[in-house]
Amino acid sequence: MRADHLSAAATLRVDGLRKAFGEKTVLDGLTFDVSSGEVVSLLGANGSGKSTSLRCVVGLERPDAGTIVVDGVTGKPGEAMPTVAMVFQKIHLVPRRSVLDNVCAGALGRLGLSRSWSVLAFPRELQEEAMACLDRVGLADRAREKAGRLSGGQQQRVAVARALCQRAKVLLADEPVSALDPAASEQVMNLLRSLADDDGLAVAAVLHQPDLARRFSDRILGLAGGSLVFDSPAAEVDDDTVAGLYRPALEALEAAEAARTKEFA
Amino acid sequence: MRADHLSAAATLRVDGLRKAFGEKTVLDGLTFDVSSGEVVSLLGANGSGKSTSLRCVVGLERPDAGTIVVDGVTGKPGEAMPTVAMVFQKIHLVPRRSVLDNVCAGALGRLGLSRSWSVLAFPRELQEEAMACLDRVGLADRAREKAGRLSGGQQQRVAVARALCQRAKVLLADEPVSALDPAASEQVMNLLRSLADDDGLAVAAVLHQPDLARRFSDRILGLAGGSLVFDSPAAEVDDDTVAGLYRPALEALEAAEAARTKEFA
Amino acid sequence: MSIATRPPEQAVPPRFRPSGIAVGVAITLGLIIVHWYAAVQTNTSPKELIEGWRGLWNFLFGLDKTFPNGKTIHQDGAFPLDLRWSETIRPGLEYCLLTIWIGLLGTTLSIPAALLFAIISSRTTNRFVPLWLAGRAVMSVLRAIPETVYALMFIAAVGFGAFPGVIALAIHNVAVMGKLWSESMDEVDQGPVEALRVAGASPVQTAAHAVLPAVMPSLLGLLLYRFDTNVRSSVILGTVGAGGIGFFIKTEVDSFHFDTMMTYVCMVIVLIIVIDLFSAWLRRKVGAV
Amino acid sequence: MSIATRPPEQAVPPRFRPSGIAVGVAITLGLIIVHWYAAVQTNTSPKELIEGWRGLWNFLFGLDKTFPNGKTIHQDGAFPLDLRWSETIRPGLEYCLLTIWIGLLGTTLSIPAALLFAIISSRTTNRFVPLWLAGRAVMSVLRAIPETVYALMFIAAVGFGAFPGVIALAIHNVAVMGKLWSESMDEVDQGPVEALRVAGASPVQTAAHAVLPAVMPSLLGLLLYRFDTNVRSSVILGTVGAGGIGFFIKTEVDSFHFDTMMTYVCMVIVLIIVIDLFSAWLRRKVGAV
Amino acid sequence: GSEATTQKAAAGGEVGPDQICPDGTLTMGVEPFEDPKTLIPVYETLGKALGEELGCEVEVQISDTYVAEILAMQNGKLDIGQFGPLGYVFAQKQAGATPLASFAGEDGKVSSYTGGIWVPKDSPIESVEDLAGTTLALSESGSTSGDAVPRKALIDAGIEKDVKAEYAGGHTEALLALVNGKVDAAEINSQTLASATAEGQFDESAFRQVWTSEPILNDPIAAGPNMAPEVSAAVQEALVNLPADAVAEIGEYLDFTPPAGKPALVAVTEEDYQPVSELAEALDLTTDDL
Ligand SMILES: Nc1ncnc2c1ncn2[C@@H]1O[C@H](COP(=O)(O)OP(=O)(O)OP(=O)(O)O)[C@@H](O)[C@H]1O
Ligand SMILES: Nc1ncnc2c1ncn2[C@@H]1O[C@H](COP(=O)(O)OP(=O)(O)OP(=O)(O)O)[C@@H](O)[C@H]1O
Ligand SMILES: [Mg+2]
Ligand SMILES: [Mg+2]
């Protein structure tokens, strides 16, 4: 079921990504790739640069250096790439719009203004395609409900449908399940898995639960300090390797607490 | 070190407390007592009525029935009792006022308006007493800093100092450590312990960590559905008893998730 | 209790640093001087006000007095009100209606331009700095001119009546509502905006599909709030000749019919409270504050 | 990709329910009728607006027109401005200063009463419902009366000039600022309030030691915002006779000196923008929005 | 100088500064209704000269409405005041004011001006009667030449109900409404006409005057009700005896040269303003409410 790791055929290839905010270097030559049909998890401590790397790929941040290639096309820094979609932790649907309109919005990039100035202008074919995407995530029957009325897990699936409607080849997900309860998390991870398996998307997900990462992904990338620490098939990543990612952060925390206790004593 | 449980000499005695919000009965004949020099922990699932019971004791809610007796004095329902102080989870200091002024505010109940219309009117003796209270919690050197500038643990200690300055005999604490990191939690629990041991206060604390409850309290009260399920010396409360408190809530959660999964399938 | 076991009492640290006291005294003195000077310049004096209560009394309740020059004056005061139906109340209701129409048109005619300015002047919808700056500058200038000054200008330019009042209100409102709207667009959740930007949406598309749906209730709430304010302003505009009940309030004062004037004022009070309640109700209804 | 494996496409459900369409059409029709009626009542029409535009142009830039009898006349417009120093600019600056003084006193004199009303009308500081209701009702009535009407009334009490303008602003401001302040007290964090209530503090003590320290920056911010607004209102009051630059703007219109009038208007613009910037700066400084 | 003051006081009878202005100042209200830009300096000069005559400081206060002046007079805030003719009628009725003096014309008698109604040159309107069914711009309520006098003309012609008369807000506004073609006819009085023509706002040859009013006596200066008759007589005396240099200065502002040796102001009585009073009554302006 899980595709082999074929670096040569990578759909998304990120090479030498660098990004600094002021003095602070957040990404330090990050390089990785994700192939079609593959789910890759990114693990790393808070502040290790996971979100920043994804935001650079989709053009929400402008990297200082590095190239991003999708399907052989090199992206311009700081600009959106139509073939790359993103699913956020906080989902970011427009809560007052219907589920269907939210999904249609994924296609805005390829619509002229005359067919997108209002939801009333969305062409019939687009609405039909959006219904198909909603069906794919199992929510076709909720199409006309307000997006804000759905539960967290359902909203996250609508966000995936919006990404599908964008006709993306690469799906990036930044902590897609950390706001969800365990049952909803399973649903969403299953969906990501099936998008890779059945639809051939390249999926990269930032996760904070190593267990989920091991169960649902082909490869796991470990980030620390803005660069890659390991890149291994999911089965080969043991508990120690994972713990190593978070250790420096833990130590810092403990040092701070010790200092505070001393001050009190 | 830990005082025996002497019900007859109880400093705080709560008897048959009842409270309903609309249709919903939140407290259902709750009865418990706390003696001078004793720390009592209250455990219970979310919504079991822990906060409501404390709020009834300090007069923030008006109970429908029941009596509250402190040191032989019966409180009027819905009115503050000068000898009972409360420490909140969210601490509730005035962040823009200095630490010292916040502590002085604990004494407002016994000051006339002419000596309390402004912080400038606080009498010298009060300020000295407040400094002593601050010294008791180890923060005398921060007296003129803005309360909002301190860390969470330090702020919680200032809140305790404010309670001391109120010359309280009974200290109620509603989740006093749940917003704090582990080191700060230890500090605050140690402080509560020493207030009971060294100053002879009667301390009742709502906690969500059974471990802390067992380590720092003399007795543990288990609440469920607004009434007492158990009342035992801390050492005698085993893991099973505690787990029993939270079980109904867990079951409800699982049922909801199952329903949601089915809907998705 | 063991107060005795406590450590010796700590000294209370001083409340103010000397530099802080100096700054405080300087600011207080400065404020006193400015206010004293302002009071002199405007002839403000508590004495005048206290002595003046007689004048206010006469104005409100009438005057019967024989003056030193031998003349006896009778003047009707504002109370009791003039409640004649066909001479006062009925025309008063008509004038009130006209005032509402002026306020209404002054609000709604400004919607398209206000929306344009709001979109130009919000960072969420326009990241092209020169245009953004220009939008804010134009609004600042337009907003700085009070409605009555617009009214005076338009009365001088295009004639009298309700129409210049409508234009004056509309222009002023473009600037004020544009600013309020752009601020509420600035505060919108950036999440959906970023999500659509990732999907390749242009700024205009982002505005139409992420920003506007999110802010619509608060825009509507602000619109209703401005309607409320504009009806009030339209009363004021009336007193400089731009029609509506304000004009008749001024006319009655000019004819010393204080009771009729006070009747109109009471109608204004009722009118504005009713509009206030109505717009509060509607705002709750559309879910904006 | 395997679009082929997807289930057959689902039909798109209809966007609107028939009942929704009916309601929407009814509301739209209602709004159109109301606006059409309002436009008729106020003589608002696109034609008027275009003709008005011509008149405004002449007003602003002068007129060179050949009349039917073959004569050509020349009329000076508002531009170029009248920039004579001692006749226009210097007195203009003095009038501006007076306007500032009126706005300043109108704001600060209202502080004590506004604070009282705010405390009475906030649920945080006053839980005695009859008093709370009374406070809000009085403020509603006071707020509904436009400043110009107050000015007319107080002219009777204290004579004319700047002083009645100050009182008019102050009374109106008591109601408006009292409302704004009470709303910001309502929104204060209830935590410290409850904490002090538990410690046995009386309502007044709670207000002094928990509510006021928490809301002080936002009260100050609102005060500065009102200062800003009151200077603008004081220009308006000037046009109805309460002194300051507004009075001279009206005077110049009455004397056909449109260029001088426009100079004064420009000074008002600069004045109000400067005050705007100053109060925005001060508000940032004290940490209120 | 104090010497001159004593002299004048003696000339005015037994009344000196102590009776005229017990606290040293005499307040004079000015309502520059018709042409503020010219009239304010005139009254400031006049006030100064009057003060020197009376041995009091005369404080000139500018108002834009006679209502303010009248209320201030009632309440003792104003000792004397200048009014428009109609304003004076209200002052007499509501505040018991006594007229003292008004500006003299070239002939040494009280100066006057006329109200008028103007139409475009090519208009079919030839007389007041023709105004029926047309729109007429008036200035503002309470104006003598801009409201009362033309309205009386319409009443006399029996067409008051047929004319759509609207208040423009001021004389200027009424004139501009006509120039901009907003109305068929407009009220333009002789003073507004002069200043608008001087400013280049109005070309007389493009318009035609279809009606002229009887002469309206110019603004009187009147004494408030709290002034005893002998005191107001002294003030009247001082007003008509202003020194020549002050008269010349005032003449400069007013753009006319007072005949040598003639006074700038002449005494007026209630009778002089009787026509305006009757006008007000005819228009139902001052009748008490029923
Ligand atoms: N816009 C910004 N300006 C300045 N610093 C930023 C900005 N965005 C991120 N950073 C900093 O860059 C570092 C990396 O942030 P990033 O959000 O990529 O971490 P992360 O790995 O996603 O962490 P988390 O697990 O908490 O989401 C952090 O230290 C953060 O403070
Ligand atoms: N003011 C109120 N109005 C209505 N219901 C209330 C109110 N306060 C509390 N409740 C309800 O009473 C029940 C008990 O609340 P309470 O806060 O006492 O629980 P708790 O034991 O403190 O829970 P937690 O562990 O979450 O703090 C809850 O179901 C709550 O929703
Ligand atoms: Mg992140
Ligand atoms: Mg609780």
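By convention in this document, chain letters (A, B, ...) are assigned in the order of the sequence lines, proteins followed by strands, and residues within each chain are numbered from 1. Being a predicted model, the structure only gives us computed values, none of them experimental.
- With chain D as partner, the option from C:Leu105, C:Leu60, C:Leu98 having the largest number of non-hydrogen pairs under 4.5 angstrom is C:Leu105.
- Of the two parts of D:Tyr37, only the side chain, counted from C-beta on, holds a non-hydrogen atom closer than 4.5 Å to a non-hydrogen atom of chain C.
- Ranked by heavy-atom pairs under 4.5 Å with chain C, the first of D:Ile269, D:Ile273, D:Val34 is D:Ile269.
- With respect to chain D, the highest number of heavy-atom pairs below 4.5 Å among C:Leu142, C:Val141, C:Val149 belongs to C:Val141.
- When each of C:Leu109, C:Val268, C:Val166, C:Val235 is checked for heavy-atom pairs under 4.5 Å with chain D, C:Val166 comes out on top.
- Looking only at distances, a side-chain donor or acceptor of D:His172 sits under 3.5 Å from a matching main-chain atom of D:Ile145.
- Ranked by heavy-atom pairs shorter than 4.5 Å toward chain C, the options D:Ala38, D:Gly238, D:Gly246 are led by D:Ala38.
- Side-chain contact check for D:Leu93 versus D:Leu97: every heavy-atom pair is 4.5 Å or farther apart.
- Ranked by heavy-atom pairs under 4.5 Å with chain D, the first of C:Val253, C:Thr239, C:Ile249 is C:Thr239.
- Partner C:Asn173 forms a side-chain hydrogen bond (donor to acceptor under 3.5 Å, both in side chains) with one of C:Arg226, C:Glu147, C:Arg143 and no other, that one being C:Arg226.
- In summary, the aromatic rings of C:Phe258 and C:Phe256 are positioned with their centroids under 6.0 Å apart.
- With respect to chain D, the highest number of heavy-atom pairs below 4.5 Å among C:Thr42, C:Leu31, C:Asn58 belongs to C:Thr42.
- When each of C:Thr44, C:Ile275, C:Ile272 is scored by its heavy-atom pairs under 4.5 Å with chain D, the top score falls to C:Thr44.
- In this structure, D:Ile245 CD1 and D:Thr99 OG1 are separated by 6.0 Å, a value rounded to the nearest 0.5 Å.
- At least one side-chain heavy atom of C:Ile171 sits under 4.5 Å from a side-chain heavy atom of C:Ile167.
- Of the atoms belonging to C:Ala78, not a single heavy atom falls under 4.5 Å from chain D.
- C:Asp228 and C:Asp276 make their closest contact through OD2-OD1, 3.0 Å (heavy atoms, listed as atom of the first residue, atom of the second, distance).
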